[in-house]
There are 2 protein chains.
Amino acid sequence: MTFFTEQPVTAADKTFFQLRKDIVEGDVAAGSKLSETELSTKYAVSRAVVREAINRLEASHLVERKANVGARVVTLTPEGLVELYQVRESLEGMAARLAAQNMTDHEIADLQALLNSHFDKVQSGLTYYQEAGDVDFHYRIILGSKNKHLISMLTDGIYHLVRMYRVQLGMSGPRVTTAFDEHKHIVQAICNRDAELAEMLMRRHILYSKSSIENKLNL
Amino acid sequence: MTFFTEQPVTAADKTFFQLRKDIVEGDVAAGSKLSETELSTKYAVSRAVVREAINRLEASHLVERKANVGARVVTLTPEGLVELYQVRESLEGMAARLAAQNMTDHEIADLQALLNSHFDKVQSGLTYYQEAGDVDFHYRIILGSKNKHLISMLTDGIYHLVRMYRVQLGMSGPRVTTAFDEHKHIVQAICNRDAELAEMLMRRHILYSKSSIENKLNL
DNA sequence: TAAAACTGGATTGTCGACAATTTATCGCCA
DNA sequence: TGGCGATAAATTGTCGACAATCCAGTTTTA
């Protein structure tokens, strides 16, 4: 349901997307070194495009680079996860606030419909409220903020890191029922154009999911 | 007083820093096209390093790039300024909150001393509380958050754009006295380890300066 | 013996040339 | 005359080769 506007046009694009996918899904191990020559043979492109791909991954906070030494995939740590969720709380809280101000009535109706369709499926026991639904919900609100910087920071920056943690720490369907209720309340606030409340609810929603994850990893 | 840890080591670094400076300070006009060959002759480096510099500038939101077409310096618009300050409010608010939790007593004392030294100078009429002091203050709190993502997003991302608006819209010493009092209250909250209040005061501080700018540009 | 200096191997940084795509110019035709 | 299509010029994307830097192992020296 998420409309991927990201479409690779150049070879560097394809390499970037592919490498990002491989890193997020763990096919390229966290903390491992990224050899330019090695990758260039693996993906059958020149070193120049690999370099560009790595540069973009660095901007996405997925790899770290040192001059004249090389690039490594980031390592996943409990502290890193906490820091990541602090930024999410801040940015997505603001996104919810702005969404309450800037989403069109039509977009809000769509969002509500989406949530209802999820609700029906969950209620009828056909499926669980799983990661895809959660991601979809958050994406819509982020886009609804209509704030260019907010959107790019979250969608081509932080969110891939979030997914990396989710995939590699193996937490696909967390807090299915409670999270759903929280989503409902957030949409309600947005529908009422209550920006203040929407932000507060979103921040608490993310705080809760952070706590839930911390418990799961018994930090 | 701001300690620039950013030190260019490679040619691409130097080109990146130089070009960023030229853009921020308006030597390269906002909205103008960045020709790779042209820049490579201007800075006396190969096109490859110019490309890398441009890629990094894109990650900093200072230029926009379209595949097979080229890169342009961003254009400065009132809407863009508003969006920028919304992100600042969100991120720096969180930074203040975290700073109240994570700064060491020593760092807080330093911050207080810095503010006092500024205060003495201002009080004695030797100087105004100007941009450098403001920037210095905000930097310390951002670094005090100890949050890697927050720090990099603000210091090598958003802040250069803020400076670009400041320089090119010609607002160097805005709201000198009131801003100073606000800074004092924020430090007080941090000193009391009152994270909640520190965040709220920082957000209001940024909201105020946004309003002040909007008035100045009579939007 | 331990620390400093050297050397070899490998990796990253930089360059100029070629290929692919876009944009501008000109001629053609309705 | 106005718009459409083909060709030419210019710009970006990609490539392989060379130069500079780092790292490990070895040798030299105090």
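Note that the structure is a prediction, hence the values are computed from the model and not measured. Protein chains get the first letters and strands the later ones, always in sequence-line order, with residue 1 at the start of each.
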Could you check how far [atom1] of [X] sits from [atom2] of [N], rounded to whole Å?
| X | N | atom1 | atom2 | answer |
| --- | --- | --- | --- | --- |
| B:Arg47 | C:dT14 | CZ | C1' | 13 Å |
| B:Asn68 | C:dT21 | CG | P | 7 Å |
| A:Tyr43 | D:dC15 | OH | P | 15 Å |
| A:Asn55 | C:dT14 | CG | P | 11 Å |
| B:Glu58 | D:dT12 | CD | P | 14 Å |
| A:Asp13 | D:dT14 | CG | C1' | 13 Å |
| B:Glu52 | C:dT14 | CD | C1' | 10 Å |
| B:Glu36 | C:dG16 | CD | P | 15 Å |

> Do side-chain atoms of A:Glu58 reach the backbone of A:Glu64 as a donor and acceptor pair under 3.5 angstrom?
Replying inline: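 Absent.
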> When you measure from the side chain of B:Ser60 to the backbone N and O of B:Arg56, does any donor-acceptor pair fall under 3.5 Å?
Replying inline: yes
[X] side chain N/O closer than 4.0 Å to the phosphate oxygens (OP1, OP2) of [N]?
| X | N | result |
| --- | --- | --- |
| B:Lys33 | D:dT12 | yes |
| B:Arg51 | D:dG13 | yes |
| A:Arg65 | C:dG13 | yes |
| A:Lys66 | C:dT11 | no |
| A:Thr10 | D:dT14 | yes |

> Given side chains that start at C-beta, do those of B:Val73 and B:Leu34 come closer than 4.5 Å, heavy atoms only?
Replying inline: yes
> So, A:His205 versus A:His183, ring centres under 6.0 angstrom or not?
Replying inline: yes
>> As a test of reading the structure: which of D:dT12, C:dT23, C:dT12 is closest to the side chain of B:Val69, going by heavy atoms?
In response: C:dT23
>> Students often get this wrong, so: under 4.0 angstrom with heavy atoms, is B:Ile54 touching a base, only sugar-phosphate, or nothing?
In response: nothing
> Reckon A:Ala48 touches a base, only the sugar-phosphate, or nothing at all at heavy-atom distances under 4.0 Å?
Replying inline: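 Touches a base.
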>> Quick check on DNA chain D: between A:Ser46 and A:Ala67, whose nearest nucleotide comes earlier from the 5' end?
In response: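 Here A:Ser46 is the residue nearer the 5' end.
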